[in-house]
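What follows is a short report on a single structure.
Residue numbers start from 1 in every chain, and the chains themselves are labelled A, B, ... in the order their sequence lines are given, proteins ahead of strands. What you see is a predicted model; the values in this text were computed from it and never measured.
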Amino acid sequence: MEPIIEVKNLHKSYKKRRSKEYIQAVNDVSFVVKKGEILGLLGPNGAGKTTTIKMICGLLIPDSGSIKINGRDNRKHRLQSLEHISAVLEGNRNLYWRLTVRENLEYFAGNRGESRKEIRSRVERLLTDFNLKSKENELVNRLSRGMQQKLAIAVAMLAESEVILLDEPTLGLDIETSYEVREILKDIVEDYGRTIIISSHDMDVIQEICDRTVIINQGKVVTDDSIDNLLRLFEVRAYTVTLGEHLTRKQLELLQERFPQATYTEDVIQSSIAIDFYQSEAIYDLFDILKIENTPVETIDRDTINFEQVFMKIVNGGENKCAG
Amino acid sequence: MRWLNLFKANLRKEYIEIKRYLPNTLAMIFTFYFIFIGLFAGIQFIGDPNSADTNTQYLIVNYVFWFLGMMVIQSVGWQITNEAMRGTLEQLYMSPMGVWRILATRLTSTVILDLTLLIVLLFLTMLTTGQWLHINVVTIAPILILTIMGMMGIGFMIAGLSIIWKQVSAFLQILQFIIAALTFISIKQAPFLVYFPFVKGIDLVRQVMINGATLSDITMMDYSILIINAVVYFVLGVFIYLGCERLAMKKGLLAHY
């Protein structure tokens, strides 16, 4: 697959209010998005995701670095680059609440220079696909939050741009609507064949629909890999060791010293250690600790891990894992 | 063609909003009319009876143009502030047409719709006062277009400031008085005002509507000053707007309100 977006050595800093200090929001961020790919752009609050998305959209000028969209520099050819991109940046706030559903779709298409006649069939298809047909003449301020969110995505879809950027598409939605939006996003990829970049805190959404993730922490890319690879990598390392006896105080101290992330639990007869062997030889260290008191090992089970746990481990553990 | 589609989309949006929020539109018309009645009564009861007719004619033209100036100049500033507050400003910036073009077509749409209202109000004021002005469309139209062009330039400057500072409502209040001064003071009384935006245009409209001047009565010099003034302020306005836009994009101010 050929690349559609190439982000290279991006830097952006903001000046603090009433101060001469600068905050480095994005620090040497580079990644590539291939055509037809769904990329999850993840990171904790303040990591630099939205800043990166806004720079790709041409809404923010980077301090240095480059962004190429379809091979064109988006700083030198801002308006031409926008032909290939549409975005939902603030969810339902991206709409005109005093216009109806249909009027919003037609107005935004008009703002891209398209006539109502040109977009007629597209509007009809989107209204049907997004289950908005029955609400087409309803004012946006009378719609539910979920409906508004769907409309915001439909507006971005209407542009027929190859890339759609979605910043927190399921934020503030109830479970049912969130599920519906997730289904819509999957359909967008399957039926419309668009490239999507999603920034979200909803790891279920990311795990379900993204091919690959770029995780940003403190302005830097800490991971750039496929979800499957990351899950495989972390699944191999996460174990629960069940012991026939309780650990002694000395053993516990050594465990905490050697494996600070490990969790030790005990009940009346046995105890267990949830442990992450981030280096394969670390397993021998655990056995050395157990050998001190000849503590019997009953079972060693590999944990099933979900993407949220992977994300937390990467962000909290300062993991640096970039695919080639 | 894309320009036309852009213009049609914005004209339709402005029309829908005026129609959907008719009470607002009606309130604006009544406010305009009642303030005018107050001013007219002032001339009748306090002013010199010998010059009452001329004063009334000046009042009608100046007042109508003050109102037009306010709507055109403040419109973009208000719109930028509103769009930033609603969250739609960044969406406008995602248009490959460029925001200045969107704003220009919006302004043109606003002017068309507001002018329609103003024509009704003009006739209403003339009917109320019994002072019938010369409505020579052929002579007035080119002057009006150039005058509005200059006003739009100032509108773009205000829009640029709104993007950076957002909270410009206090400034817009003061601006009303500046616009009033530029509309009400004649060039004869202050010749330097000829370099100011839209003053020359309003002066020429006064000559047409009050003194009955025709296309041939206006000199080439007058037209040249009017054209240069309109083009300079329009181009300057767009440049200042684009400069402010670039600064906002560097500092990340587009979405912040």
ask   = Hey, are N111(A) and N5(B) close enough side-chain-wise for a donor-acceptor pair under 3.5 Å?
value = no
So, for [X] and [Y], which heavy atoms are closest and what is the spacing to 0.1 Å?
X	Y	answer
M97(B)	R112(A)	CG-C, 3.9 Å
L89(A)	Q91(B)	N-NE2, 4.2 Å
G58(A)	M249(B)	O-CE, 3.7 Å
A84(B)	R93(A)	O-NH2, 4.0 Å
G110(A)	A9(B)	CA-CB, 3.6 Å

task = May I ask you to name which of L6(B), L92(B), T105(B) has the most heavy-atom pairs under 4.5 Å with chain A?
result =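 With the most close heavy-atom pairs to chain A, the winner is L6(B).
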Should we say atom [atom1] of [X] is surrounded by more than 12 heavy atoms from elsewhere, each under 6.0 Å from it?
X	atom1	value
Y195(B)	OH	no
K8(A)	NZ	no
W3(B)	CH2	yes
R20(B)	CZ	yes
Y15(B)	OH	no
F239(B)	CZ	no
E162(A)	CD	yes

Spacing of [atom1] belonging to [X] relative to [atom2] belonging to [Y], to within rounding of 0.5 Å:
X	Y	atom1	atom2	result
N94(A)	E90(B)	CG	CD	7.5 Å
I16(B)	Y107(A)	CD1	OH	10.5 Å
M94(B)	C57(A)	CE	SG	4.0 Å

Contacting moiety of [X], where chain A heavy atoms sit under 4.5 Å:
X	result
R12(B)	side chain
L89(B)	neither
Y21(B)	side chain

message = Counting heavy-atom pairs closer than 4.5 Å to chain B, which one of L60(A), I85(A), L95(A) comes out on top?
response =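 The option with the most such pairs is L60(A).
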inquiry  = Counting heavy-atom pairs closer than 4.5 Å to chain B, which one of H84(A), K12(A), M55(A), K15(A) comes out on top?
reply    = K12(A)
remark   = Residues passing the salt bridge (charged side-chain N to carboxylate O under 4.0 Å, His left out) test with K13(B), sequence neighbours excluded, are E17(B)
ask   = Which residues pass the ring-ring contact (aromatic ring centres under 6.0 Å, His included) test with F108(A), sequence neighbours left out?
value = Y96(A)
inquiry  = Given heavy-atom pairs under 4.5 angstrom as the criterion, report whether the side chain, backbone, both or neither of S115(A) touches chain B.
reply    =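 Looking at S115(A), backbone and side chain both touch chain B.
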query = Given that the side chain runs from C-beta out, which part of T100(A) has a heavy atom under 4.5 Å from chain B: side chain, backbone, both or neither?
reply =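 Contact with chain B is through both the backbone and side chain of T100(A).
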inquiry  = Give the interface residues of residues 65-81 of chain A toward chain B, defined by a heavy-atom separation under 4.5 Å.
reply    = R78(A), L79(A)
Side-chain donor/acceptor of K8(B) to backbone N/O of R116(A), under 3.5 Å = no
inquiry  = Determine whether a donor-acceptor pair (N or O, by modelled atom type, separation under 3.5 Å) exists between the side chain of R2(B) and the backbone of E114(A).
reply    = no
List the atom pairs, with distances to 0.1 Å, where a side-chain N or O of residues 34-44 of chain A and a protein N or O form a donor-acceptor pair under 3.5 Å, not counting sequence neighbours.
residue: E37(A); atom: OE1; partner: K34(A); partner atom: N; Å: 2.8
residue: E37(A); atom: OE1; partner: R212(A); partner atom: NH2; Å: 3.3
residue: E37(A); atom: OE2; partner: R212(A); partner atom: NE; Å: 2.6

